[in-house]
Structures are given as structure tokens and as C-alpha cells.
Amino acid sequence: MSGPYRLDGGAIDRSRRLAFRFDGRRLTGYPGDTLASALLANGIRLVGRSFKYHRPRGIFTAGSEEPSALVELRSGAYREPNTRATVAELFDGLEAASQNHLGSLRHDLLAVNDLLAPFLSAGFYYKTFMWPKSFWERVYEPAIRASAGLGRLSGEPDPDRYDKGFLHCDLLIIGAGPAGLAAALAAGRSGARTIVADEDFVMGGRLNAETHEVDGGCGTTWAADAVRELASMEKVRLLPRTTVIGAFDHGIFGALERCTDHLAATAGKPRQILWRVYTKRAILCAGATERPIAFGGNDRPGVMLAGAVRTYATRFAVRAGQRVGLFTNNDDGWRTAVDLATKGVRVAAVIDVRDREPVAAVPDARVRMNSQVTATRGRHGLSGIVLATGERIALDCLAVSGGWNPNVHLTCHHGGRPVWREAIAAFVPGGRLPGGMAVAGAAAGAFTTADALVGGHRAAVAALGELGRPAAGGGPPVASDEATDVTAFWHVRDSRGRAWLDLQNDVTVKDVVQSHREGFRSVELLKRYTTLGMATDQGKTANVLALAIVAGQSGRTIAETGTTVFRPPYTPVPIAALAGRARGNDFRPVRLTPGHDWAERQGAVFVEAGMWLRAQWFPLPGESHWRQSVDREVLHTRGSVGICDVTTLGKIDIQGRDAAEFLNRIYANGFARLAVGKVRYGLMLREDGIAYDDGTTARLGDHHFVMTTTTANAVLVFRNMEFARQCLWPGLDVHLISVTEQWAQYAVAGPNSRRLLEKLVDPEYDISNAAFPFMACGEIRVCGGTPARLFRISFSGELAYEIAVAARYGEALMEALMAAGEEFDAVAYGTEALGVMRIEKGHAAGNELNGQTTARMLGLQRMVSKKKDCIGNTLSERPAMNREDGLELMGFTPLDHTEELTAGAHLLALGASAETANDEGWITSVAYSPALRSSVGLGFIKEGHARVGETVRAWDALQGKDVPVEIVSPHFYDPDGERLRV
Amino acid sequence: MIIDHPLLGPRDAAEFVYLGDASLIDRPDWQDEDAARQFHDYLHVRDNPAGEHRELWFHEHGDRSWLVVTRNTLTHEIIRVELARDVALSLGRGR
Amino acid sequence: MSDATLAARTPLDAYGRTIGTVTLAEVAGLALVSAAVPHDGDEAFAAALADGFGAVRPASGDSATGARPATRVLGMQPDQVFILFEAPDPDQAVPTAAAALGSAAYVTDQSDSWAVLRMSGTGVRVALERICPLDLDDLAFPEGRVARTVMEHLAVMILRDGPDSFLLMSPRSSARSFRHAVELSVENVSGP
């Protein structure tokens, strides 16, 4: 023993003391303690303040259902608010602080709210914060935000690591109490792959908190032996400190493992792991949660659940008070009085609402049958109770038991609803359970140890049988049946003072009655109106009590009233655990081209394009604005030669006897007669006739093509082509494989591009204009034998090529190109210059292909073949998509060439007011054209081609611009395409 | 969710991409007289059953098979999984 | 003509590292080609595979070893296998495979598409639990099994090529992210 609150025995290690602090006070406890047990052992009962009224709050339970004892743990960036002291494992150096008070915990200035309680009843904020409207954002919102939440966030990034993972098993056993351990032993001994998950740090469940016997010996010892045996089994995995948070489809469960929360430091290892557990069968052995009885002043620190008081005494060797009373409606509650008295704790009173003989003898206790507690006394903690008879009894702890609620939560995650079982006055699993799930023990409403052991064993044997696995010999462990008789009793009608239901959200019996009176009859509405069960504990101790009170109000039974829906997670999961590793730079993978490191060495500025990083421009010393770099890259390319990394384009290898026919059906334009050694531009439509992607496809052989897609649509195009191949035309012999990653590809553009390439291409390959004209392609060799592919295609409008080599040579080829280009003053150009040049040429890109664009809008209507079947051609012929007065892709230049155009600007007739009715189109892409020395834009405008030369307004309310622009051809630069054919 | 791939066994739905109703296999003939009407229905008209639904899933992070999955939309139970190619062939689709 | 020849670079620059009991090592020098089987060409393909590589065609999800050095045929798709083999000259991957298989398959070079990482050691499966959704138990995923799946948002082909050895292949462009994800998984399960 140590101190007036420690008892003998218990599962704590007295060989070592742990120092910790609570609100700055230095305290000690033992390994095996929770923060709650250690606080109680130090005589501390007041640990926090309630959410709304700032009422004093103490420790109410000994488990994860705790509504009341919420504290902040740790400090600095590691601070974690709203942690349940009842599940926080004590470690040396733990720092904890009470929360939700202004000033000290004992003298919380916001306790004034409690005096305003008559004005703050259910739904008060719906009624109060309505008028005046001008107060909504200026007064009410800041005030509500200031009072919201309980503990304080650190405001700093969480410094801990979190991980995720995947586990697989035949059988998942959720909960390691008597039912779970019996099930695990049966499963483990049969050799089945078994996972046992338990939220506690010591497995055994109630066996660790009770004085039950199993197999003729101490139940706690039996549990420890069982855990030891299971730990020795190769196919059994024990996951203590792991909460199964949800049951998902097809036998998948979510589980949160707290790896280092019980340690002072993580040593760089993940603090928590969010497991996805794949199971063939699962047995829910989650036990039951005790519920209180509502009576006047039942929220005072010192009023606790009876089972918890017993747990603190038996497992933690802590007396929750010096004079303990019991208020119960069931036999199980009496165990608290008996167990405490046996341990020498002074049990001053036993009050049982039932009119019957006392269940057991409790020495020196005032036993009052057919009696009720109507009020409590005390300020920061309980000092006494008042019975209906007026009798006053001095107590500093009142153990309350209103019966036990099976933990049915996970059985309801697929829409199943629990059913009411009158005999135990509780909801039990019912309806449609998640597939493969069975329930055993107290979670199934089997409240005795014997029933739990037998139920767990049988459930495991049945599950193994379903998996075709014979169970090992041996029956279930043996225990006796304890008395569990219960008479439903919810609320002391003659209570004086407020009777509390939800201790965290401060919901009283009166609030529930009032909301029912105001018409919130459905329990789902009642929940949201009163906020009952909406706090972090999700009403684990409050909900059933409230349902019973609603049922009493409406004259319906509890079964008819029903429950609210149980949803994952079972207990709170930190957002950081859900995020796992996906933080900062690890949010998603990064894709780099083979030329990336080269570009980085040149000081390139990169832009994200999906997961790719692409060089956006290459600033030179002295260039202080991106436009200087981009203008230079464009002018050098157009004046001599530029090189751009286009590796990110999607590339698909297409082979087969029917490859040409297949492409003919994929593209809107014809590909059947494309000659070997030629490339063709292709436009892809969706089946509804809208353009969605474009690119070039080269024919490398009779049965061999290589397609390029846009960077953004590479995955989608591949998927759609696989759909066409497998589902639409499974008889065609055609095969697809992505080669995006295989080839490093560079555009070499500009009047000197051929001269540059001729320096690298092996001499046996003739790439003169005659031998290798515009739109030619071929497999060549470069730099003394390295295989390459050369395509004479141009996105820039210049004489241009794209050259591809295997990715391993990508960086070397870039270096070789730049070295060979030195004599031509070659530049590397990035995506900005690429964009400028394609806008100057009037090529459509992502901004134009926005999911509403038809081939006609792009001026490509003649490409859509009407002589063949292809995806999208039938519906592309719909009249509304081919209106003569429809939108057409045009170019736009500001009348004043010093003005800048903006993408997204709407096009309006001169003098027309800016309203939807006058909208004639919009600007899609803009750039500064160094060639034209003007801002230029592409955009869609009604009947554009007939209106060349007309002036309209480019009106952009977002940017505050209104620019007169002239409608011009979209081909600003070299409209006849002479430069690319030289 | 788990999809029991006919060739590979049970695989997590995270490996798959969903498309929609399996009737998308039944693409109309472009040369039919009322092809426009048929394509309209093919593309836009769907049953929305509360119960068994045949739908297309693509094993994008797997073997690149398109699958026809028969799934109960009320219970999420997956009743049958077939290779879409086999389904297409059985419907008479070929070249 | 330039006198420069092009130097090759592997996706992970010959990366290798041992963390705890797990060793990570880039595998270079292997050719990887995909071979798609023409319609109605299953018999011809099986014969060509036996002739050219000394291997039987594996079912999807299985692999087969062959007579050529380090040959492993991976059943990746209903009508497609991947063939790993030792290639002294990587530029000859496709010509070699094409010569071996003739017209019985459509061959595409994949040698540069994937970063290849061998992960081996006694702790390898515990580390893989943190990123691999597949069940890698001895019965579910014995030696020789292969699968394409997704790890940390990345496509990965995983081949079990030993009791405690796996070959992981993930797209080249994201190889560094992949290496990081694998490293982190091993670090997270290894002692301090």
C-alpha cells in the first residue's frame, strides 16, 4: 500500500515508481496504472470541466467509454487534447493538464455558464443566435468558435510518425475478455491464422477487473496464461492497444494500434498504425458497457460507474473513495459492494431500486431496498447523497449501476439495427450482421463468465467449421454463472436538481423531455437537437438512457423507439493516423523524367503536372522575371533551335493483326491507311461526341503502332482502349502496353533542328527533308548505335522532331543534344514556352478540351469520318453540336498591344452589358507572343470565322479587366504551316 | 471491398476502377436506322436497381482485365465476377 | 556525327542498403519484355516459349523459370506475359526476345519502364505489411507467385523469388518515391 487511496494487490508493478504531473503537480504512480487510476490513487477527483456549463468533472469509468475525464497529454507540438485519462497508460514523465476552464480548474470563470443554464437548454443556439442578422458573422460566430471544443490543439505540425498497414487472417477476434480468449484458444489450437485485437494494454477484459474463477482458479491468472499460450503460437497474432474501429465490406476491418502512446518518446517509430485487416471470419467479443442511472446531481466528481469502481479496486488497487456507496438496479452492481468490502474499503450504503431481499451481505453498510437517490451534495466533488426518503448519507464516492449495454457497435456498421431484449433490459446484436461476423459473450448479451467462455469457444469452432478447418479437441473453459438479474430502471423521477445523461455535452433528462415536447420525436432528430451522444464518446454511457426516457415520453416501448445509427469509428481516430505517411512531400508520389536531374542542374523551375514534375522554364543569370526566360526560350527556338523534354506524354504500344482497324475505331479520323513510317495527328471523342484527347500515332510496322496521348489523359486513354479491346471488339487481334516509362522523349524544334540532329543521328540514316519529310517516323540509331525513334512532328510550328531513346539513356541524350546544339545557340525550353508556341500556332490543349468541346468548335469537323464506325461519331452528328451559329475556336488580340488578356474572360459585343444573355464565348488560353509582341489569346466565340476583324470585349470580372479585342485566326504564327515543312 | 477476380482470386477494390452499368458492353450498331436514338439510350438510360446490379470494373492495378461484377447494391454482396471479355463474346460481340 | 556515346543510368543508381534484417538492392542488368499472345495463338506461343526460353507459359499470377540465365516468365495478364532474362547488351532485349519467339508473340521492351528492387531478409514480410495489400503468407503467396498491385499509390509488380526474398518492380519515373516508401516501411519495423 502507498497512501490512503492504494489497496493491496492489483496488477500494478510496485517495484518501480513513475513520476508524472497533472496541472503542474508532481505525482507518482506505478507501471500498470492508467492516468485515471494514478489520479484516483493520489486522491484527485476533479479532473476537468464540462463542455457547455463548465461543471466540475471527475473520472466516471475505467475504459474507452469515458465521457468525462478528458485531459491534454504531453506538451509543445506533442500536445494532444481530449485524451481519455481512463485509457492513457501511465509512463515516467507524463505531463497531463485539465482542460476547458478559464482560470484554474477549481475556480473556472466560465462556470458562470452554469448559472445561465435556464437559457442554454436544448437547441438554445437555434433559438438564440437568430437575430439580428448582422450579428451572425460579427458576434455569434466568433463567440461560438471561441467556446467550441474542449482541449487546445498545439497549433504546430504533429511531429510524430504514423503508419498504415495490411493484415490478413482466417479469424479476427475483437476483444480479449473471457469470450475473446476462449475463442482465440480454440482458433489458435486448431492452427488457424488468428488475430486477437484488444483496446487495452493488458488482455483479459473483465477477468482483470473481477474476482471470478475460471477452470477452478483465479480468472486473472487464467487470462494471463491464455495470453501466454496464444503468444507462443506461430499463427496467432496478438494486438494489444489496438481498437477495431469499424467493420467494412467483405470482411475488412479497420484497427488502430497505439504503438508508442505508452512511452515517453517514440524513438522515431510510428506512434500509431491504422491497420486494414482482411478476414475470412470475425468474432466480436467486445463486451458490454455499464450504464448509469439518471438522478439529481449525478454528474458530480465521485459519482462513478459501479463496474469502474470495482476495476480500480481489483486491477489497479485503488479505492475510488474513502466512504463508498452503491446505487443499483441489478445484481451485478452488488459485486462492487462485496468486492470493495472484501478489500477493506468502507462501503457505507447500498441503495437498490428493486423491492426484494438484499442480494448479498455487506458488512456495516446501510442497505436500502426499494429506494432511490434523489440528489447529491458537494461542490468540486461528492460529499453526500440524499435518498427519496430524505435520508442523507455522507459519501465521497457513489458507484452507480443501471445495467450493462452490449457493445453492439460493430454489428451495426452495415446497416443492421440492434434488437431490444427485455430480460437483460438492453439492446443486443440483431438484424443483418456484417458478413462473416459472429458475436459472443457480453457483446451478445451473455453476461456471465461461464456464458462468455462457452459462447466464445463455440463461435470459434463454428467459424472454423465454416472455413473447413476442424477444431482441436477440448471444450471451453469452465466457470460458474454469476447473478445478473436486472430490473429496468432509468431515471429517478423525484430527482432534485438536474439529472444528467450526457456528461460530456451536458445534456440532462429535462433537455430530452423538452426536445420531445418541441416535436423532435425521432431519436435521430433528438440526438442532433440536444447534441446527446454527439461528443467524442458518442454517448456510450448516455444513449440507451436517453432512448428509455424518450420512450417513456412517447408511450412507446424502447424497442419501438429504436437507436440512432452506429457508425465507424468505434472510438476517436486521430486525423494524423488517417493521413498516415501522406504528409508534406510524402502526400503523393513524384514522377520524374530521365532528364530531370539535368534540368535541375540547369536551375530549372518545375511545375507539377499531375504527379509529374516538369521543367517550366530555365532561368539564366540576370533574368529576374519568368517572362524574360520564356520569351528568350521562344525566340531562340523560333530563331534557331530549342529542346523540350516531352517524356511525360502518354505512350502506348499497340500491336496486332487488327491494330490499324482498332485505331480506326478509337480515333475520330481515319488510321486504317496510314503508311508504315508515317505519323498522323488523331482526335479522340467520347462516345457522346465530345472531344477528349488528341495526340499523334506512328506506324512502325504493319501490325505495330505507337500512340502518344496528352500527359493528363494517359491513364484514361489506356483504360478506354482496354475497354474497347476487351468489351466492344473482343474479336480484334490487338494488344496494348504502356511504354510511357520506357522512352525518354525530347522535342527538337526550330529551323536548325535538323542540322542539330544530323550531328547525333548515325550516318546510315538520312533525315533530309526528302528522305524524312514532315510526319515521317522511323527507328534509327544515334550516337554510335543506340536505338532511337525519330518522329517528324511539330507542336511549335517550326521544323521539328521528337526523338526518343530508352529511358536509361534519357539524361545522356539531353546532354548530347545540348552539346551538339551549342554551335546553334540551342536552348532548353520548358512547358511555358511550349505553351506560348502552341497558342501562337492555334493548337488546342487542355484548356480548350474542357469536356464541352466538339470537333466543330475546334475547326476539326472535317476530320470526323462519317464513313466508318468510331467511338463518338454517331452522337457527334447531333444537330445541336453542329449549329452554324455555334462556338468556334478563334484567336484574339487586344487592340492596344500593351494590354494583357486573361484566360476565363467572357466575350461580349461592344456596348453589350455584362450579363449571361449577352455572353458570346470565352477566352481559353493566353500568352505573350514574342513573335507578335502582343498578348494573344485563344477562345471560343459564336460564329467566329465569319467575324474575323470584328472587335468585341474580353470582360473578366474576377481580374477587373475589360479589354477590347479583335477576332483573328487562331493561327497567329505561320498560318500556312510553311516553316514546319522545310 | 473485395472483388473475387476469376483468375487471380480475392483482391482489394483499391486495385480496381469502376465504370458503370455492364450494359455499356452492348454498344449499338452505328449503321442502324435509329442509331442516334440507340446510342442515346446506350449512353444515358440506366436502370437503378435496389438489388442485383451488373457493373464494369477495371483491374487497373492488376491484370488489366475488365470485369463484370454482379453486386447487390443494398448489401454490397458480390454474387458473381466474370471476365468482361467472356461476357462480350457470349453476347455475340466479336470484330 | 557525334562521337559521344550515350551512357546508361539505372532508375535507382545501383542503390543498396541493409536496414535491420532487410536488405534492399536495385537489380540491374536484366532485360524485361512483354510478350502478348496473338488471338488463337496460344499453342504456337507455348511452343515458342519452350523453344526460345525453355519455359512453360505460367497462368496469370504465376511465374515460370526458364533455360536461359535468370529467365523468369511472369503471368501478368490473360493474353500477356512478362519475360525477365539476363541481357549482356540491354539494347538487344527486344531483338533477342523477338528472335526467340518469332511471330508467336508481340514483343515490347519494358526493361527501362520499371525500377527493380530486391527486398530480402528475415523481416521482409513484416516490412511489406506496411505497404503491400496482398496476403504474402506462405500458402497464399508461395515462391514463384507474382502479382501486380498498388503500394503507396504506386503500381508495383511483386514476385516472390525466395522464402524471404521478393522482387519489386515499380514505374521508373516514380522510382525515388517508391524507394522511399519501401525504405520507410523497413525502418518502421526495424529496431532503433
Side-chain angles (χ1 to χ4, degrees), chain A residues 166 168 247-252 276 278-280 413-416 432-436 657-658 661-662 665 686-690 715-716 718-738 865-879 881, chain B residues 1-4 10-14 16-20 22-32 34-44 56-68 71-72 74-78 82-95:
Chain A
F166 306 86
H168 303 261
F248 303 98
D249 283 320
H250 306 145
I252 299 175
R276 179 185 288 225
Y278 299 87
T279 72
K280 296 193 174 86
H413 284 179
H414 291 191
R432 195 172 62 85
L433 263 56
R657 296 187 296 269
D658 299 314
E661 174 59 24
F662 180 74
R665 297 183 195 181
R686 305 192 309 216
E687 195 67 274
D688 63 2
I690 297 290
V715 170
L716 181 63
F718 190 94
R719 187 187 301 157
N720 290 346
M721 292 212 295
E722 279 290 355
F723 178 76
R725 186 180 86 89
Q726 295 177 37
C727 300
L728 301 183
W729 304 299
L732 294 182
D733 181 46
V734 59
H735 303 267
L736 312 173
I737 188 156
S738 170
S865 170
K866 301 196 189 324
K867 299 190 198 99
K868 61 160 188 171
D869 185 16
C870 71
I871 301 286
N873 70 344
T874 300
L875 292 184
S876 75
E877 289 170 23
R878 285 179 286 175
M881 293 165 68
Chain B
M1 277 179 62
I2 304 273
I3 293 175
D4 197 358
R11 301 290 284 263
D12 193 300
F16 296 82
V17 173
Y18 179 79
L19 177 65
S23 64
L24 285 169
I25 293 173
D26 218 4
R27 188 172 179 269
D29 187 329
W30 70 295
Q31 287 176 312
D32 278 1
D34 62 342
R37 164 58 54 189
Q38 287 188 41
F39 267 97
H40 168 273
D41 292 354
Y42 165 74
L43 211 53
H44 301 298
L56 285 157
W57 291 75
F58 181 48
H59 199 193
E60 185 147 277
H61 286 297
D63 77 342
R64 307 295 173 95
S65 286
W66 277 94
L67 302 177
V68 174
R71 183 178 63 98
N72 186 317
L74 294 176
T75 64
H76 291 194
E77 185 194 359
I78 289 176
E82 303 153 273
L83 291 175
R85 187 171 185 279
D86 293 344
V87 174
L89 288 168
S90 74
L91 289 170
R93 300 204 70 85
R95 296 178 61 83

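To find a chain, count down the sequence lines: A is the first, B the second, and so on, and within it residues start at 1.
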message = Within this structure, what is the CG-NE2 distance for the pair A/Leu875 and B/His44, rounded to the nearest 0.5 Å?
response = 6.5 Å
ask   = Quick one: of A/Asp688, A/Leu728, A/Ile252, who has the most non-hydrogen atom pairs under 4.5 Å with chain B?
value = A/Leu728
remark   = When rounded to the nearest 0.5 Å, the distance separating CZ of B/Phe58 from CZ of A/Arg719 is 7.0 Å
request  = Tell me, out of A/Gly251, A/Pro730, A/Ala724, who's got the most heavy-atom pairs with chain B below 4.5 Å.
outcome  = A/Pro730
message = Which one wins on heavy-atom pair count under 4.5 Å against chain A: B/Leu56, B/Thr75, B/Leu89, B/Leu19?
response = B/Thr75
Between B/Asp29, B/Leu91, B/Ile78, the one whose heavy-atom pairs under 4.5 Å with chain A are most numerous = B/Ile78
Pairwise distance CZ(B/Phe39) to CD(A/Glu687) - rounded to 0.5 angstrom = 4.5 Å
key: Closest contact, heavy atoms only, A/His250 versus B/Ile2   = ND1-N, 2.9 Å
message = At a 4.5 Å cut-off on heavy atoms, which part of A/Arg725 comes close to chain B: side chain, backbone, both, or neither?
response = neither
Min side-chain heavy-atom separation B/Leu24-A/Cys727 under 4.5 Å = no
request  = For each of B/His40, B/Met1, B/Arg85, B/Arg27, tally heavy-atom pairs with chain A at distances under 4.5 Å, and name the one with the top tally.
outcome  = B/Arg27
inquiry  = Rounded at 0.5 Å granularity, tell me how far CZ in A/Arg276 sits from CG in B/Asp12.
reply    = 4.5 Å
task = Drop me the distance from B/Glu77's CD to A/His414's NE2, to the nearest 0.5 angstrom.
result = 12.5 Å
query = Is it the backbone or the side chain of B/Ile25 that comes under 4.5 Å from a heavy atom of chain A, or both, or neither?
reply = both
request  = Select one option (side chain, backbone, both, neither) describing which atoms of A/Phe248 are under 4.5 Å from chain B's heavy atoms.
outcome  = neither
request  = Could you tell me whether B/Arg95 and A/Glu661 make a salt bridge, using a distance below 4.0 angstrom between a side-chain N and a carboxylate O?
outcome  = no
ask   = A/Phe723 and B/Trp66: which non-hydrogen atoms are nearest, and at how many Å?
value = N-NE1, 3.1 Å
inquiry  = Just so I know, are the side chains of A/Phe718 and B/Glu60 near enough to count as touching, which here means a heavy-atom distance under 4.5 Å?
reply    = no
remark   = Note: vs chain A, highest number of non-hydrogen pairs under 4.5 angstrom among B/Val87, B/Leu74, B/Val17 is B/Val17
task = Under 4.5 Å heavy-atom distance to chain B, tell me which part of A/Phe662 shows up: side chain, backbone, both or neither.
result = neither
ask   = Which distance, rounded to the nearest 0.5 Å, do you find between the CD1 of A/Ile871 and the CH2 of B/Trp30?
value = 13.0 Å
